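Heads up, the thing below is written out as structure tokens.
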Amino acid sequence: STASDSRQGGEIFDAFVSYSPQDAMFVQQILGKELEAVCGYRVCLQHRDLPHLSCCSDTVGQVAEASRATILVLSSNYLATEWAELDYRSGLLPVLQNPQQPVLVVLLGSPEQALLYPGVRQLLAGRALLQWGDSQFWPRLQAALPRLARDQDSHYYSVCQFPPNMGQHLSQLISHI
């Protein structure tokens, strides 16, 4: 059993997906749909679920910490928008530096292009890197994510329950709950 499999279960989401608004169609229509509808994960998609607060470091950090895993959709769009915002990056840093928090990187485009940006080489070091378009993308993504500990339907729209100390605050942040 890995550390991610044995966590205490206080997480609200199975995965928090951080991405550029320019990649929203891919994330919402393909990646998010597969994770939620097919795999049964409770997923927080940054620009769908946190539309007005997506660059606020406190919000990003709290939602990432309230998730069993964080998925960064790394593209030239992401590097030019989210990654370029110091406030946003500072919210993600504690999660990225926490060895107990699984962070997966989905690459849209070439890794060589991503390495041209400051700090990306350190971000990618030791992370699960998944290249979109690879024939083994979906099986590798599922293998890298923490296993679901629930037998029931886990689509987060229907079963999301906030812990008492976070419920009121996050329910105000996430617009559709």
Side-chain angles (χ1 to χ4, degrees), residues 1-51 53-54 59-75 77-78 81-83 88 91-92 95-96 98 100-109 111 114 123-124 127-163 166 170-171 173-177:
S1 176
T2 66
S4 60
D5 292 335
S6 62
R7 295 184 58 181
Q8 295 301 311
E11 296 86 0
I12 297 170
F13 302 104
D14 294 312
F16 167 61
V17 182
S18 175
Y19 60 99
S20 166
Q22 286 90 356
D23 298 324
M25 185 174 291
F26 164 76
V27 172
Q28 293 176 18
Q29 298 296 318
I30 298 172
L31 183 65
K33 189 179 235 178
E34 178 80 11
L35 291 172
E36 291 175 329
V38 177
C39 301
Y41 283 99
R42 294 177 302 187
V43 180
C44 178
L45 301 180
Q46 174 188 348
H47 294 288
R48 178 192 71 186
D49 302 327
L50 308 170
L53 302 161
S54 59
T59 302
V60 169
Q62 288 174 356
V63 173
E65 288 175 6
S67 302
R68 295 177 70 216
T70 298
I71 300 172
L72 300 180
V73 178
L74 193 61
S75 67
N77 294 328
Y78 185 84
T81 55
E82 271 58 18
W83 192 252
Y88 182 84
L92 272 182
V95 173
L96 298 175
N98 179 354
Q100 299 299 313
Q101 176 77 10
V103 176
L104 292 75
V105 179
V106 172
L107 292 169
L108 297 181
L123 167 70
L124 297 179
R127 303 267 183 235
L129 301 178
L130 305 160
Q131 180 71 54
W132 172 247
D134 180 326
S135 64
Q136 293 298 305
F137 177 81
W138 293 115
R140 289 185 63 216
L141 178 63
Q142 284 185 306
L145 284 168
R147 281 179 289 205
L148 294 175
R150 302 173 295 283
D151 292 327
Q152 72 221 35
D153 174 27
S154 63
H155 192 277
Y156 92 94
Y157 284 113
S158 59
V159 300
C160 184
Q161 295 180 359
F162 293 99
M166 291 183 95
L170 281 179
S171 64
L173 296 177
I174 300 174
S175 61
H176 62 276
I177 294 182

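Just so we're clear, the structure is a prediction, and the values are computed from it rather than from any experiment. For reference, positions follow the sequence shown, starting with 1.
Contacts of Gln28 classified as side chain to side chain contact (heavy atoms under 4.5 Å, CB included), with partners at least two apart in sequence or in another chain: Tyr19, Ala24, Leu45, Arg48. Applying the ring-ring contact (aromatic ring centres under 6.0 Å, His included) criterion to Trp132, with sequence neighbours excluded, gives Phe26, Phe137, Trp138.
Counting heavy atoms from C-beta outward, Pro21 and Glu82 have side chains that approach closer than 4.5 Å. Here the side chains of Glu65 and Val95 are in contact, with some heavy-atom distance below 4.5 Å.
Here the straight-line distance linking atom CG of Leu107 with atom CG of Leu130 works out to 8.0 Å at 0.5 Å rounding.
Counting only distance, with no hydrogens or angles, the side chain of Gln101 and the backbone of Ser67 share a donor-acceptor pair below 3.5 Å. Side-chain atoms of Gln136 never come within 3.5 Å of backbone atoms of Leu141 as a donor-acceptor pair (strictly under, hydrogens ignored). Checked by atom type and distance alone, the side chain of Asp14 pairs as donor or acceptor with a backbone atom of Arg42 at under 3.5 Å. Checking side-chain atoms of Gln22 against main-chain N and O of Ser75 turns up no donor-acceptor pair under 3.5 Å. Of the possible polar contacts, one joining the Arg127 side chain to the Leu96 backbone as a donor-acceptor pair under 3.5 Å is found. Judged by distance alone, the side chain of Arg68 and the main-chain N or O of Leu145 form no donor-acceptor pair under 3.5 Å.
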Before you tell me yes or no, could you show the steps for Gln142 and Glu34 under side chain to side chain contact (heavy atoms under 4.5 Å, CB included), namely the whole-Å CA-CA distance, both residues' side-chain angles and the distance that decides it to 0.1 Å?
CA-CA 10 Å; Gln142 284 185 306; Glu34 178 80 11; 5.5 Å; no

I would like to know whether Leu92 and Leu72 meet side chain to side chain contact (heavy atoms under 4.5 Å, CB included); could you show each step before the answer?
CA-CA 10 Å; Leu92 272 182; Leu72 300 180; 3.8 Å; yes

Apply side chain to side chain contact (heavy atoms under 4.5 Å, CB included) to residues Tyr78 and Val73 and explain how you reach the verdict.
CA-CA 7 Å; Tyr78 185 84; Val73 178; 5.7 Å; no

Worked verdict on Cys44 versus Leu50 for side chain to side chain contact (heavy atoms under 4.5 Å, CB included):
CA-CA 8 Å; Cys44 178; Leu50 308 170; 4.2 Å; yes

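Among Val103, Val43, Leu35, Val105, the one residue that satisfies the side chain to side chain contact (heavy atoms under 4.5 Å, CB included) test with Ile71 is Leu35.
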